Amino acid sequence: MSDARVHDSVPHTAGRPRPRRGALLAGSVGNFVEWYEFGVYGYFATVIAARFFTPEGGSETEGLVRTYASFALAFFFRPVGAALFGRLGDRIGRRPVLILVIALMTGATTLIGVLPTYATVGALAPWLLTFLRVVQGLSAGGEFGGAVSVMTEFAPPGRRGLYGSWQSFTVALGLLGGAGVAALLATVLTEGQLSDWGWRLPFLLTLPLGLVALWLRLRLEETPAFRHEGRQERPPEREVARAVVLGAGRVMGWSAAGYTFLVVLPSYLQNTLHTGFRQALLATVLADLGFAATIVPAGLLSDRIGRRPVLLSGAGLVVVLSVPLLNLLQDTGTSNAVKGLAVCGAGAVVGLMAGPGPAMLSEMFPTSVRHTGLGLAYALSNAVFSGCAGLIITETMKRTGSVDIPAYYAAATCAVSALALATLPDNRGS
């Protein structure tokens with residue numbers, strides 16, 4: 001299944017302007033809810049570790065490792081969700097599956113906000129939290145493939161990069177929303193209030209957000225591509241599997257660098273560089289702003305000059321800049337303004353990969369397996385290189401004592417990803 005052949009097989013059928021706008025909204029809002037929650041979980045990782053994973057007398061580091069292990073477990077259920085819901089989406093349509101996954105995500109996230117802690121129910125608390133994380137992982141696995149399929153299949157000719165970039169843009173908005181809520185709570189509440197009950201509020205806020213997303217998806221039309229080509233013969237499983245592995249390799253740098261700079265960063269700043277919770281959140285907000293600023297322009301640029309040069313530029317810049325960036329943050333003599341620009345720039349570089357990434361994956365698979373194929377490629381990459389980022393970085397730093405591990409991790413994964421991206425056909429997005 002060559003890229004060029006699959007690329008050409010993507011239909012240029014586009015809906016009317018109104019359905020296109022509806023598709024962007026319905027696809028985007030689910031991504032916002034999903035990544036808002038994952039951002040909140042990352043930002044409150046230290047609080048969650050104390051509430052759920054640190055029994056009396058346990059160390060903070062051990063609790064944080066367990067918290068990230070739960071974080072990783074949810075990601076390892078993403079490929080299962082991608083296969084399960086992706087197969088449904090390729091058989092019965094994108095719309096019903098997107099409705100189902102947003103309902104599951106909203107329910108599981110809201111329940112986290114009312115869970116009893118370790119102090120109340122003992123060892124049952126981490127198991128309950130982990131179960132809800134598994135449900136979130138399953139639903140998130142079906143979310144990406146369905147949302148990107150809807151956005152790119154409604155896109156007019158020559159605009160798939162732009163339309164697909166909205167998936168990543170709403171990821172940035174979700175992370176910003178989570179960081180904003182966390183920063184607001186950290187400002188208006190005392191540390192004791194935040195640790196005692198304030199951390200629950202961001203999870204409970206998911207309920208109204210999820211209901212809005214559900215309403216928008218109930219109004220969504222099925223995509224023109226699925227109506228016309230969804231019942232076509234599926235390509236051989238071996239070809240699909242090969243494309244899934246290649247796609248996962250192409251987005252592994254985006255996955256790893258994104259989670260390192262946008263989600264793991266707050267805990268790193270607090271536990272390793274000993275900054276305050278508010279300062280760590282401010283740095284994360286700046287990184288998210290840089291991320292959001294480049295996503296849509298990068299997607300649009302990829303429609304004009306091709307996916308490969310934009311994606312390779314992002315991966316290459318991460319390889320070159322990761323260590324200098326971290327050294328700036330570690331240097332006590334560096335001004336806060338320079339540190340702020342550095343983390344903002346780190347987010348912007350990740351945005352260069354996140355903008356064209358969804359369209360690139362969509363173009364690798366024909367309509368009959370697109371929901372499954374691109375969802376699995378993305379989910380596998382995220383399971384290994386995003387979900388495990390916090391666990392790998394925290395545990396490796398604990399064992400080696402090196403504070404540069406986050407930079408090495410982001411640079412190494414982007415270097416490997418660049419090799420896979422170099423195999424992209426050198427043609428413009430169509």
Side-chain angles (χ1 to χ4, degrees), residues 25 28-52 64 67-68 70-71 74 102 105-115 117 129 132-133 136 139-140 143 167-216 258-259 261-270 275-293 295 340 343-344 347 386 390:
L25 278 174
S28 299
V29 73
N31 293 311
F32 177 88
V33 172
E34 174 194 339
W35 289 89
Y36 162 84
E37 185 281 330
F38 275 103
V40 164
Y41 191 91
Y43 304 145
F44 285 101
T46 53
V47 177
I48 291 171
R51 297 284 95 188
F52 288 90
L64 190 60
T67 303
Y68 279 130
S70 175
F71 195 83
I102 194 61
M105 172 63 76
T106 301
T109 304
T110 304
L111 286 174
I112 289 178
V114 298
L115 278 184
T117 63
L129 178 60
L132 292 177
R133 297 293 297 166
Q136 289 176 322
S139 59
E143 171 68 34
Q167 188 280 335
S168 297
F169 183 64
T170 48
V171 168
L173 293 183
L175 292 171
L176 275 172
V181 170
L184 177 63
L185 291 174
T187 301
V188 302
L189 300 178
T190 65
E191 285 192 19
Q193 290 172 327
L194 193 65
S195 177
D196 187 29
W197 54 267
W199 64 270
R200 297 181 182 275
L201 300 179
F203 294 99
L204 295 174
L205 184 59
T206 304
L207 181 58
L209 294 174
L211 291 176
V212 171
L214 184 62
W215 177 74
L216 286 170
Y259 259 77
F261 295 137
L262 304 176
V263 178
V264 174
L265 184 63
S267 296
Y268 174 80
L269 292 174
Q270 291 175 76
T275 61
F277 183 62
R278 294 190 182 103
Q279 290 81 0
L281 278 175
L282 176 59
T284 307
V285 169
L286 290 174
D288 286 336
L289 285 172
F291 180 53
I295 290 170
V343 294
C344 186
S386 293

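Every heavy atom of this structure was used, including side-chain atoms; hydrogens, water molecules and symmetry mates were not. On a predicted model such as this, the values are computed, not experimentally measured, just so you know.
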To the nearest 0.5 angstrom, please state how far the [atom1] atom of [X] sits from the [atom2] atom of [Y].
X	Y	atom1	atom2	answer
F291	L289	CZ	CG	12.0 Å
L129	I48	CG	CD1	6.5 Å
I102	E34	CD1	CD	8.0 Å
S195	F44	OG	CZ	10.5 Å
W35	L262	CH2	CG	9.0 Å
M105	L132	CE	CG	11.0 Å

message: Show, in sequence, the C-alpha distance, side-chain angles and deciding distance for W199 and T117, and conclude whether the side-chain contact (heavy atoms from CB on, under 4.5 Å) test is met.
response: CA-CA 12 Å; W199 64 270; T117 63; 4.2 Å; yes
Identify every side-chain donor-acceptor pair in residues 168-180 under 3.5 Å, counting partners at least two apart or on other chains, and give the distances.
residue, atom, partner, partner atom, Å
S168, OG, A354, O, 2.5
T170, OG1, S28, O, 3.4
T170, OG1, W166, O, 2.9
T170, OG1, Q167, O, 2.9

- line: Contacts of Y36 meeting ring-ring contact (aromatic ring centres under 6.0 Å, His included) (sequence neighbours excluded), chain-then-number -> none
- prompt: Is the backbone of T106 close enough, under 3.5 Å, to the side chain of T110 for a donor and an acceptor to pair up by distance?
  reply: yes
- prompt: Would you say the side-chain atoms of R200 pair up with the backbone N or O of L115, donor to acceptor, closer than 3.5 Å?
  reply: yes
message: Checking side-chain contact (heavy atoms from CB on, under 4.5 Å) between V33 and each of L211, T109, L209, which is the one that passes?
response: L209
- request: State, to 0.1 Å, how close L201 and W197 come at their nearest heavy-atom pair, and which atoms those are.
  value: CD1-CZ3, 3.9 Å
field: Least distance between heavy atoms, V40 atom then P202 atom
entry: CG1-CB, 3.7 Å
query: Do other residues, nucleotides or ligands put more than 12 heavy atoms under 6.0 Å from Q193 CD?
result: yes
